[in-house]
Trainee: 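Provided herewith is a single structure, encoded as structure tokens, for subsequent inquiry.
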Amino acid sequence: MIEFNHVYKNYDKNYILRDLNFTVNKGEFIFITGPSGAGKTTTLKMLIAMEKPTHGAVKFMGTELNDIKKSEIPFLRRKIGFVFQDFKLLPKRTVFQNVALGLEVSGVFGDVITKNVSELLKAVELYTKKDEYPLSLSGGEQQRVAIARALVQNPQVLLADEPTGNLDEETSKIIINIIKSFNNKGTTVMLATHDKHLIADTGRARVIDITKA
Amino acid sequence: MLFFLLCYANIYNYMNIFQKNNVMIVFLKSGARKKNRQNIMNFINKINGIKKIKYYGNKSSMKFLSKRLKNLKSVLKKINPKVMPSFIKIYFKKSAVSSIFLSNIYLRLTSIKGIKLVYYNKMLEAKIRQFMFFTKVIGLILFLFLLILSIFISYSAIKLIILRKQNEIEILRLIGATDGYIRIPMFIEGEIGTVLAFLVSISLLYSIYKIFIFYGFDSFLNFFHIKIIFLNAMQIGVVFLIALISGIAGTYLSSRKFF
């Protein structure tokens, strides 16, 4: 499903990634680990065409992302949900509207939005707070909204960049359990983290340490 | 732009009226017979576009002169009216007057026997035409300048909106929004801004125009045969269209930088 073949990334003379090679199969749960600045975020960003490798090839479902046209990027991103460490929610939109945004950009409107968003908000246990604004929620709740938004388009892959980075241990477990539950339903997950406890607690998951790249 | 167009329309209108107020004077040869004179008048009467003609004999010429030169009455009294020229004054219909039309008539009349001189203000006409050409050129330059200015204004306004919404735009792009999805609301916002700005400007300008009329400033200008007019529906429509186009252009240019 995802292939990184001899991927290099450098900014001027500073190499972030050196000869990164790995593949991810459908339904897998992958941890991308490494210290800060190792290139975890860059690796994930390459999958949504926010970054391009300096050398090598990144493939998603057989499509080489190095050559992807600018006009095709939005359609690629609809197949990949992205959860950010800083949530990236719109403060002037309610929880419901933030999640619905994921469908609206795909041209889905009306009852389908109501049904899908409500289901997802129930799954992340935030349905009762659907009319509240993000800034009135805790960090863990905001991250659950971000997960719901990332999953509302029913993506094939969920990418999470340090999703528990700003959260306490207890909340982190809740977030990881939610992500795991979606992985159990068939969504491929790639989660970037430097938290070794989190990896140890997760159980059956493959770890790709990019410091070795 | 509206104010500029109003000024331009008024200057153009004034010059047009001035140009169309044309009168031609045909001086007859001294000693021209009555029959010959009548033939000339009949010929003139047959020309299309003539409003009326008036004949001035020697005595009428003297009267005409005395009326205009009241201070020189004593001098004029000593002049024998027989030395005064007899002439025909031709008034043209405003709708028929054009420089080609007058030139044609001028040439036809000068070729007739019994006519000494045909006078119409060719010099003035040329000056007016020069002035009108000048106003057209200046108007075009000013129009282009104002068009660029209005595009720049909408460009800056939309750029500010984009900068304010940069975070939102970034999020929308990350979750798969196309450029069109992000840009269309900006175009709508830009166009609403343009329409509102246009409505405010036209209302303000019309109010100023009405105040101008209410306080009778126009009657002062009437003294100089200047009639102040307001923009007609077509002119307003053109400016509205230009405003819409500049709004779209400004939005396109400012959003292009970010996409």
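Chain A is the first sequence line, chain B the second, and so forth, proteins listed ahead of strands; every chain is numbered from 1. Just so you know, these numbers come straight off a predicted model, no measurement behind them.
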Trainee: Could you tell me whether B:F152 atom CZ has more than 12 heavy atoms of other residues or ligands within 6.0 Å of it?
Mentor: no

Trainee: Considering only heavy atoms, give the residues of residues 125-142 of chain A separated from chain B by less than 4.5 Å, sorted numerically, with 'none' for an empty result.
Mentor: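 Within residues 125-142 of chain A, no residue comes under 4.5 Å of chain B, counting heavy atoms only.
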
Trainee: Give, as side chain, backbone, both or neither, the part of A:L89 having an atom under 4.5 angstrom from any heavy atom of chain B.
Mentor: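 A:L89 touches chain B through backbone heavy atoms alone.
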
Trainee: Would you say B:F230 has more than 12 foreign heavy atoms packed within less than 6.0 Å of its CZ?
Mentor: yes

Trainee: Does a sphere of radius 6.0 Å around CZ in A:F109 hold more than 12 heavy atoms from other residues, nucleotides or ligands, not counting ones at 6.0 Å or beyond?
Mentor: yes

Trainee: Would you mind reporting whether A:K88 and B:I175 have side-chain heavy atoms less than 4.5 Å apart?
Mentor: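 B:I175 vs A:K88: side chains apart.
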
Trainee: Below 4.0 angstrom, N of the basic side chain to O of the carboxylate: do B:E168 and A:K92 qualify?
Mentor: no

Trainee: Walk me through it: do B:D179 and A:K70 pass the test side chain to side chain contact (heavy atoms under 4.5 Å, CB included)?
Mentor: CA-CA 10 Å; B:D179 283 356; A:K70 202 182 163 211; 3.8 Å; yes

Trainee: Is chain B contacted by the side chain of A:Q153, its backbone, both, or neither, given a heavy-atom distance below 4.5 Å?
Mentor: side chain

Trainee: Distance check, rounded to the nearest 0.5 Å: A:L101 atom CG versus B:L172 atom CG?
Mentor: 5.0 Å

Trainee: More than 12 heavy atoms of other residues, nucleotides or ligands under 6.0 Å from CG of A:N25: yes or no?
Mentor: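 Enclosed.
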
Trainee: Please answer whether the main-chain N or O of B:G176 pairs with a side-chain N or O of A:R78 as donor and acceptor at a distance below 3.5 Å.
Mentor: yes

Trainee: State, with a plain yes or no, whether a side-chain heavy atom of B:L174 is found less than 4.5 Å away from one of A:F82.
Mentor: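 Contact flag for B:L174/A:F82 side chains = no.
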
Trainee: Count the heavy atoms belonging to other residues, nucleotides or ligands that lie under 6.0 Å from CG of B:N232, then report whether that count exceeds 12.
Mentor: yes

Trainee: Would you compute the distance between atom CZ of A:F87 and atom CD1 of B:I171 and round it to the nearest 0.5 angstrom?
Mentor: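 Going from CZ on A:F87 over to CD1 on B:I171, the span is 12.0 Å.
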
Trainee: Can you list the residues that meet the ring-ring contact (aromatic ring centres under 6.0 Å, His included) rule with A:F75, with sequence neighbours excluded?
Mentor: none

